[in-house]
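Structure first, commentary second.
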Amino acid sequence: MSIYRTLLGALILLAMPFCAQAKVTVLVHGYLSNASTWERSGVNAMLRQAGWRQAGHLGISPTGFTDVALPHEDSDKLFYTVDLPSLAPAPIQASWLKAALDRISARHPEQDISIVAHSAGGVVARLTLVQYGAGKVKRLITIAAPHLGTDKAVRALDAVDDGGMFGMIKEWLVREEIGDGMYNTLQVSRGILFNLVPPAPGTLLYWLNIQPHPDIEYVSVIRSGGYVIAGDLVVPPFSQDMNQVPALRGKSKVYVTVQGHELTPNDGRLLAEIL
């Protein structure tokens, strides 16, 4: 009789509907940007069209994160946006992202987390995983991220290097060309710009790219050019491929999109497919 009871119990369990666990995704913006870029670009609209609902937003304030839970319909696909201090060096941004992930993990203790990070946010997200561990994160998707750096960071650093005999003259010329606002922004963000220069001994990317990475799923969304679209003029395509990172060779799936560096609704459609 005990055998029959066991079999009957197993059949009942199989017949019962299982409670589906929610998918949780965290959207991370890049340099000179903020969380609103996901909304303005149309990415969030495409995610909503695919059944995703925004569950909250974590911002920054002098006292720490502002954690805003947003009303949303019942859904098993939830996403959060996070504001990071995008002008700060990558290690500082990584500490903020770690705090945000801890908050979200505490809210969804049974769920795995996917991170989607655009541009410099991809480097920050990877640094977070290497420094603090994956925790609940099971997948990292980067879009147009400079994993092997970008010469645009080198040029920006050079533009605001006002040392030397003719430094004052150079500063005046550069300010005339790009404006005081942009010049001052580049000056205060020298830390993150140096974090995004191509790997060489003494740079963040040189260190980061040879560190052991968590055993999670990695996805690289790479920009390419076409007959009409020039492609990404900020980060070269090879730098966007995590397979080019020594510690991640052969570990990243790759999707190629024909468009520029900025986010567009096409990214939302692709993310809905990947996620």
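This chain uses plain numbering: 1 for the first residue, then up along the sequence. Keep in mind the model is a prediction, meaning the values are calculated, not measured.
Under a 3.5 Å cut-off, the side chain of Asp83 and the backbone N or O of Ala35 do form a donor-acceptor pair. Put simply, the side chain of Thr203 gets close to the backbone of Ala200: a donor and an acceptor are under 3.5 Å apart. Thr264 contributes a side-chain N or O that, together with a main-chain N or O of Asn266, makes up a donor-acceptor pair within less than 3.5 Å. Gln93 places a side-chain N or O within donor-acceptor distance of the main-chain N or O of Ala88, the cut-off being under 3.5 Å. Checking side-chain atoms of Ser239 against main-chain N and O of Gly149 turns up a donor-acceptor pair under 3.5 Å. Using a distance-only test at 3.5 Å, with no hydrogens or angles considered, a donor-acceptor pair links the side chain of Gln211 to the main chain of Trp207. Looking only at distances, no side-chain donor or acceptor of Thr37 sits under 3.5 Å from a matching main-chain atom of Ser33. Remark: the backbone N or O of Ser252 is paired with a side-chain donor or acceptor of Asn243 at under 3.5 angstrom.
Between Lys136 and Asp112, none of the side-chain N atoms (NZ, or NE/NH1/NH2) sits under 4.0 Å from a carboxylate O, so this pair counts as no salt bridge. Ion pairing of Lys253 with Glu217 is present here, as a side-chain N (NZ or NE/NH1/NH2) and a carboxylate O approach within less than 4.0 Å. Taking the charged nitrogens against the carboxylate oxygens, Asp215 and Lys251 have no contact shorter than 4.0 Å, which rules out a salt bridge. Glu262 has no carboxylate O lying under 4.0 Å from a charged side-chain N of Arg223, or vice versa, which leaves the two without a salt bridge.
Rounding to the nearest 0.5 Å places CG of Leu208 at 10.0 Å from CG of Asn195. Distance check: Leu248 CG to His213 NE2 gives 4.5 Å after rounding to the nearest 0.5 Å. Rounded to the nearest 0.5 angstrom, Ile274 CD1 and Thr25 OG1 are separated by 10.5 Å. Rounded to the nearest 0.5 Å, atoms CG (Leu157) and NZ (Lys152) are 13.5 Å apart. Here the CD1 atom belonging to Ile192 is positioned 10.0 Å from the CG atom belonging to Leu32, to the nearest 0.5 angstrom. Rounding to the nearest 0.5 angstrom, the gap separating the CG atom in Leu27 from the CD1 atom in Ile115 is 10.5 Å.
Inter-residue side-chain proximity for Val82 and Ile60 is flagged as unmet; no heavy-atom pair is nearer than 4.5 Å. Using a 4.5 Å heavy-atom threshold, the side chains of Met182 and Leu186 count as touching. With a 4.5 Å cut-off on side-chain heavy atoms, Val116 and Leu271 count as touching. Counting heavy atoms from C-beta outward, Val24 and Phe79 have side chains that stay 4.5 Å or more apart. Residues Met242 and Arg126 have side chains in contact (heavy-atom distance under 4.5 Å, counting atoms from C-beta outward). A 4.5 Å side-chain heavy-atom check between Leu275 and Arg139 finds at least one atom pair inside the cut-off. Contact check for Val160 versus Asn184: no side-chain heavy atoms found under the 4.5 Å cut-off. With a 4.5 Å cut-off on side-chain heavy atoms, Leu58 and Ile104 count as touching.
Nearest heavy atom pair, residue Tyr132 against residue Ala94, reads CE1-O, 3.9 Å. Of all heavy-atom pairs spanning Val235 and Pro146, the tightest one is CG1-CA, 3.6 Å. The two residues Val258 and Ile229 come nearest to each other via the heavy atoms O-CD1, 3.6 Å. Minimum interatomic distance between Ala125 and Leu140 (heavy atoms only, all atoms of both residues): CB-CD1, 3.8 Å. The shortest non-hydrogen separation linking Gln240 to Ala144 is OE1-CA, 3.3 Å. Scanning all heavy atoms of the two residues, the minimum distance from Ala230 to Leu233 falls at CB-CD2, 4.2 Å.
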Could you give me the CA-CA distance, side-chain angles and deciding distance for Lys98 and Asp102, then say whether salt bridge (Lys or Arg N to Asp or Glu O under 4.0 Å) is met?
-> CA-CA 6 Å; Lys98 164 63 173 170; Asp102 286 346; 3.1 Å; yes

From CA spacing to verdict: side-chain contact (heavy atoms from CB on, under 4.5 Å), Val254, Val221 | CA-CA 6 Å; Val254 171; Val221 178; over 6 Å; no

Would Thr142 and His147 satisfy side chain to side chain donor-acceptor pair (under 3.5 Å), going step by step from the backbone distance to the final call?
-> CA-CA 9 Å; Thr142 64; His147 296 294; 3.0 Å; yes

Stepwise side-chain contact (heavy atoms from CB on, under 4.5 Å) test for Val28 and Leu97 | CA-CA 8 Å; Val28 181; Leu97 180 55; 3.9 Å; yes

Lys23 and Leu78: side-chain contact (heavy atoms from CB on, under 4.5 Å), yes or no, with the steps?
-> CA-CA 6 Å; Lys23 296 179 180 179; Leu78 306 174; over 6 Å; no

Determine, stepwise, if the pair Ile113 / Ser105 fulfils side-chain contact (heavy atoms from CB on, under 4.5 Å).
-> CA-CA 8 Å; Ile113 294 175; Ser105 296; 3.4 Å; yes

Apply ring-ring contact (aromatic ring centres under 6.0 Å, His included) to the pair His108 and Tyr80, showing each step before the final yes or no.
-> CA-CA 12 Å; His108 304 279; Tyr80 288 81; 5.6 Å; yes

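Hydrophobic cluster membership is shared by Leu101 and Tyr218, with clusters built from Ile, Leu, Val, Met, Phe, Trp and Tyr side chains linked at under 4.5 angstrom. In the hydrophobic clustering of this structure, Val234 does not group with Leu205; members are Ile, Leu, Val, Met, Phe, Trp, Tyr whose side-chain heavy atoms approach within less than 4.5 Å, directly or through other members. Val245 and Val137 end up in the same hydrophobic cluster when Ile, Leu, Val, Met, Phe, Trp and Tyr side chains are linked at under 4.5 Å. Hydrophobic cluster membership differs between Met46 and Ile143, with clusters built from Ile, Leu, Val, Met, Phe, Trp and Tyr side chains linked at under 4.5 angstrom. Hydrophobic clustering, with ILVMFWY side chains joined whenever heavy atoms are under 4.5 angstrom apart, groups Trp96 together with Val124.
Sequence neighbours left out, the pairs with a member in residues 251-275 that pass ring-ring contact (aromatic ring centres under 6.0 Å, His included) are His118-His261.
In the model, Thr81 has a side-chain atom that pairs as donor or acceptor with a side-chain atom of His57 under 3.5 Å. Checking Gln259 against Asp267 by side-chain atom types alone, a donor-acceptor pair falls below 3.5 Å. Tyr31 and Ser189 form a side-chain donor-acceptor contact under 3.5 Å, judged by distance and modelled atom types alone.
Dense packing is recorded around CZ of Arg40, with more than 12 heavy atoms of other residues, nucleotides or ligands lying under 6.0 Å away.
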